[in-house]
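To keep things clear, I will list the structure first and then write my remarks on it.
Counting convention: from 1, in listed order, for ligands and their atoms alike.
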Amino acid sequence: MPVEALIAAAREFLGDRITTNAALREHHSHGQDTQPPVMPDAVAFIETTDEACRLMALCHAERVPVVPWGAGTSLEGHVTPIRGGITLDLSRMNRVLDVSQPDMDCRVEAGVTQEQLNIHLRDLGLFFPVDPGTSVCTIGGMSATRASGTNAVRYGTMRDNVMGLTVVMADGRLIRTGGRVRKSASGYDLTRLFVGSEGTLGVITEIQLRLHGIPEAVSSATCQFRTLRDAVETVIAILQMGIPVARMELLDEVQMAACIAYSKLEGLDALPTLFFEFHGTPAGAAEQAGQAEEIALGFDGLGFAWATEAAARAKLWQARHDAYWAALAWKPGHQGIATDAIVPISRMNEAILGAKEDIAASGLTAPIVGHVGDGNFHTVIMVPPEPDGLARAWELDKKIVARALALGGSCSGEHGVGIGKREFLEQEHGAEAMAVMRAVKQALDPRGVMNPGKIFMN
Ligand SMILES: Cc1cc2nc3c(=O)[nH]c(=O)nc-3n(C[C@H](O)[C@H](O)[C@H](O)COP(=O)(O)OP(=O)(O)OC[C@H]3O[C@@H](n4cnc5c(N)ncnc54)[C@H](O)[C@@H]3O)c2cc1C
């Protein structure tokens with residue numbers, strides 16, 4: 001059946017929610033990345049799990065590729081339909097289905113956004129902590145990329161906060177994984193298999209999530225340093241002391257200059273800076289903050305500046321979340337490539353200071369901003385609008401990844417593989433582990449219809 005006939009067949013149950021409209025196909029031709037865009041043949045806006053089952057059965061039967069889509073905020077070409085086919089947009093599956101206050105969990109449809117969920121939970125005294133730099137991303141997309149954010153050092157990533165899933169398999173069958181219990185030793189952990197599978201194994205339509213109580217006391221502070229090394233040594237010492245910081249983020253002097261200008265931050269200089277947040281009882285949060293400040297001063301930190309009012313805290317963390325946009329505004333006409341290396345905590349200074357040397361040698365501008373509490377840092381490589389700009393940027397990206405791998409790290413702490421990181425996987429995991437991953441893909445998606453060309457080189 002040619003793809004036009006498949007679209008006509010899908011129209012019988014989707015009506016005009018499957019469309020070949022050029023503007024909508026263009027919108028779904030890329031994510032937030034520098035990969036060349038490719039238009040899908042059609043975009044299907046599904047509203048129920050049953051519609052996903054019917055569409056997948058059809059695409060599987062006709063061997064037509066399917067690319068699941070949440071909000072298209074991924075950074076590695078994940079959503080580009082490089083082999084055409086249907087983009088399956090889940091953004092209209094956006095209902096919060098159930099919230100249990102006593103069990104501190106909830107069930108949501110895949111298209112619920114991070115921001116929408118937290119607005120829904122606020123009055124219940126609960127929150128969902130995983131907070132990528134953009135709040136418009138969907139819980140389905142965050143599950144599929146195994147996303148994290150500034151709170152991961154205390155509350156974990158999607159890997160830790162997804163308890164169970166409803167998944168439409170490549171051939172249209174429906175399964176439920178996991179459940180609502182805090183632990184289970186019953187069978188293979190299919191939930192963890194689908195979390196991070198980037199739409200290559202199935203379509204996630206519902207997610208059971210662990211929630212957390214909004215802490216009684218929250219305090220935020222910044223601490224500036226004269227050197228990047230001192231800032232990173234402070235982070236390592238805080239982690240090794242076991243101080244349960246909720247957030248601990250590093251911005252180098254270039255990123256600080258960009259953020260000060262973009263977010264109109266006052267009282268801060270363009271110096272390496274740590275952003276902290278402490279959660280707990282008033283006494284507990286104050287104790288953590290005191291211990292962290294003492295360590296920072298021991299590494300020549302220039303003192304803690306407190307953001308105590310809710311509005312000041314919000315401004316500070318919004319500035320951190322806007323770091324990518326601040327970098328783009330800092331260098332007008334440039335594109336951005338965000339590296340995502342992660343290393344064991346004790347190797348962070350080698351990784352970050354090494355990256356600084358690579359950046360200097362490249363002649364490119366690349367602010368560093370990172371979830372250093374996890375050993376994860378991004379360099380936002382500014383791609384100059386020159387013929388060899390992209391090639392130079394990718395060369396720098398490769399050097400940073402190579403060093404992270406040599407230090408026992410990973411090419412991606414949270415953004416995922418998509419197209420951009422495929423070439424590093426074999427080096428990171430080894431040929432035998434890659435063969436096992438391929439065997440899993442082959443078993444679950446024997447016709448290769450689920451987001452083909454992602455994670456694996458071919
Ligand atoms: C400014 C900025 C800052 C960012 N900061 C962070 C950060 O701090 N931490 C972080 O982790 N990420 C960050 N990201 C990346 C991004 O937000 C995540 O990758 C996000 O998790 C993707 O969600 P989405 O809904 O946009 O998914 P999409 O981009 O639409 O899809 C991502 C991948 O998941 C698949 N997918 C989507 N929905 C489903 C589904 N329901 N079932 C199966 N597969 C699906 C897609 O096929 C694709 O492979 C940032 C991005 C931007 C633009």
Side-chain angles (χ1 to χ4, degrees), residues 27-28 30-33 35 40 43 46 49 52 56 65-82 85-94 108-116 130-152 157-159 162 165-170 194-207 247 249 317-318 320-328 336-338 340 342 369-371 374 376-378 380 412-421 445 450-455:
H27 177 68
H28 290 81
H30 59 87
Q32 295 285 341
D33 50 68
Q35 299 294 335
V43 183
I46 63 155
T49 296
M56 284 314 308
V66 175
V67 178
W69 171 286
T73 67
S74 46
L75 295 163
E76 296 288 357
H78 293 79
V79 286
T80 306
I82 49 180
I86 310 297
T87 290
L88 193 157
D89 186 320
L90 291 113
S91 60
R92 295 190 191 177
M93 285 192 70
N94 60 359
V108 301
E109 289 184 330
V112 167
T113 68
Q114 197 264 0
E115 183 175 43
Q116 177 194 348
V130 185
D131 64 332
T134 165
S135 56
V136 300
C137 53
T138 63
I139 300 296
M142 289 168 63
S143 304
T145 55
R146 209 185 292 129
S148 66
T150 62
N151 284 307
T157 72
M158 290 306 278
R159 182 186 64 181
V162 173
L165 300 167
T166 299
V167 183
V168 179
M169 305 299 292
F194 284 100
V195 171
S197 63
E198 302 189 4
T200 64
L201 298 180
V203 182
I204 299 165
T205 58
E206 291 180 18
I207 304 109
R247 290 166 147 177
E249 298 280 312
W317 289 106
Q318 190 58 49
R320 163 59 191 94
H321 278 137
D322 286 342
Y324 179 74
W325 309 117
L328 291 181
I337 294 180
D340 186 30
I342 180 164
V369 54
H371 311 302
D374 306 317
N376 186 200
F377 66 99
H378 310 300
V380 186
S412 178
E414 56 182 21
H415 296 165
V417 180
I419 299 170
K421 295 277 183 287
D445 180 22
M450 293 297 327
N451 205 0
K454 313 298 163 58
I455 299 184

As a quick check of understanding, evaluate salt bridge (charged side-chain N to carboxylate O under 4.0 Å, His left out) for D131 and R247, giving each step before the final call. CA-CA 11 Å; D131 64 332; R247 290 166 147 177; 3.1 Å; yes

Applying a strict 4.0 Å limit to heavy atoms, is H415 in contact with ligand 1? yes

Within a strict 4.5 Å, meaning less than it, do heavy atoms of the I86 and V43 side chains meet? no

In the protein, which heavy atom is nearest to atom 28 (P) of ligand 1, and how far is it? G72 N, 3.6 Å

Heavy atom of the protein closest to atom 41 (N) of ligand 1 (residue, atom name, distance): I204 O, 2.8 Å

Does any part of the side chain of T145, heavy atoms only, come nearer than 4.5 Å to the side chain of E414, both counted from C-beta? no

Do any nitrogen or oxygen atoms of H378 lie less than 3.5 angstrom from nitrogen or oxygen atoms of ligand 1? no

Can you find an N or O of P132 that's nearer than 3.5 Å to an N or O of ligand 1? no

Within less than 4.0 angstrom of ligand 1, does S148 place any heavy atom? yes

Any side-chain donor-acceptor pair under 3.5 Å between T157 and S148? no

Within the 4.0 Å heavy-atom shell around G202, which atoms of ligand 1 are there? 43 (C)

Flag, side chain of H378 to backbone of H371, donor-acceptor distance under 3.5 Å: no

Measuring from non-hydrogen atoms of F194 to any atom of ligand 1, is the shortest distance under 4.0 Å? no

Report the part of L90 (side chain from C-beta onward, or backbone N, CA, C, O) that has a heavy atom under 4.0 Å from ligand 1; answer both or neither where that applies. side chain

Backbone N or O of E198 within a donor-acceptor pair of the N451 side chain at under 3.5 Å? yes

Which residue supplies the protein heavy atom nearest to atom 3 (C) of ligand 1, what is that atom called, and how far is it? G133 CA, 3.6 Å

Which word best sums up how the rings of H28 and W69 line up, parallel for under 30°, tilted for 30 to 60°, or perpendicular for over 60°? tilted

For W69, atoms of ligand 1 separated by under 4.0 Å from a heavy atom: 30 (O)

H371 heavy atom under 4.0 Å from ligand 1: yes

Which part of L75 is near ligand 1, with near meaning a heavy atom under 4.0 Å away: side chain, backbone, both or neither? side chain

Check the pair V112, M93 against side chain to side chain contact (heavy atoms under 4.5 Å, CB included), reporting the backbone distance first and the verdict last. CA-CA 7 Å; V112 167; M93 285 192 70; over 6 Å; no

Considering the heavy atoms of W325, write down every atom of ligand 1 situated less than 4.0 Å from one of them. 1 (C)

Atom indices of ligand 1, in the order listed, that fall short of 4.0 Å to a heavy atom of M142: 21 (O), 23 (O)

Among all protein heavy atoms, pick the one closest to atom 49 (O) of ligand 1 and tell me residue, atom and distance. E198 O, 3.0 Å

Under a 3.5 Å distance rule, please check whether D445 uses its side chain to pair with a backbone N or O of M450 as donor and acceptor. yes

Sub-3.5 Å donor-acceptor pair from the side chain of T113 to the main-chain atoms of Q116, do we have one? yes

Sub-4.0 Å heavy-atom contact, A323 with ligand 1: no

Given the rule in the side chain to side chain donor-acceptor pair (under 3.5 Å) test, do H321 and E249 qualify, once you have shown the distances and angles that lead to the verdict? CA-CA 11 Å; H321 278 137; E249 298 280 312; over 6 Å; no

Provide the number and element of each atom of ligand 1 under 4.0 Å from a heavy atom of A147. 11 (O), 21 (O)

For ligand 1, which part of T145 has a heavy atom less than 4.0 Å away: the side chain, the backbone, both, or neither? side chain

Closest approach of any protein heavy atom to atom 37 (C) of ligand 1, naming residue and atom: G141 CA, 3.5 Å

Give me the nearest non-hydrogen protein atom to atom 31 (O) of ligand 1 as residue plus atom name, then the distance to 0.1 Å. V79 CG1, 3.5 Å

If you measure every N/O of N451 against every N/O of ligand 1, is any gap under 3.5 Å? yes

Could you tell me whether some N/O pair between E414 and ligand 1 is separated by less than 3.5 angstrom? yes

What I want to know is whether V67 and ligand 1 share at least one N or O pair that is separated by under 3.5 angstrom. no

For S74, take its heavy atoms, then give the atoms of ligand 1 lying under 4.0 Å from any of them. 19 (O), 28 (P), 29 (O), 31 (O), 32 (C)

Using a 4.0 Å cutoff against the non-hydrogen atoms of A110, which atoms of ligand 1 qualify? 41 (N)

the protein heavy atom lying closest to atom 2 (C) of ligand 1 turns out to be T134 CG2, 3.9 Å

heavy-atom search around atom 16 (C) of ligand 1 in the protein gives T73 OG1, 3.3 Å

Please lay out, stage by stage, how S412 and D340 fare under the test side chain to side chain donor-acceptor pair (under 3.5 Å). CA-CA 5 Å; S412 178; D340 186 30; 2.6 Å; yes

Got a donor-acceptor contact below 3.5 angstrom from the D33 side chain to the G77 backbone? yes

What atoms of ligand 1 come closer than 4.0 angstrom to any heavy atom of A144? 34 (O), 35 (C), 36 (N), 44 (N), 45 (C)

Has K454 got a side-chain atom pairing as donor or acceptor with I419's backbone, closer than 3.5 angstrom? no

Sorted by chain and number, sequence neighbours left out, salt bridge (charged side-chain N to carboxylate O under 4.0 Å, His left out) with E76 holds for K421

Will you find, in the side chains of Q35 and H30, an N or O donor that is under 3.5 Å from an N or O acceptor? no

Heavy-atom side-chain contact between F194 and L201 under 4.5 Å: yes

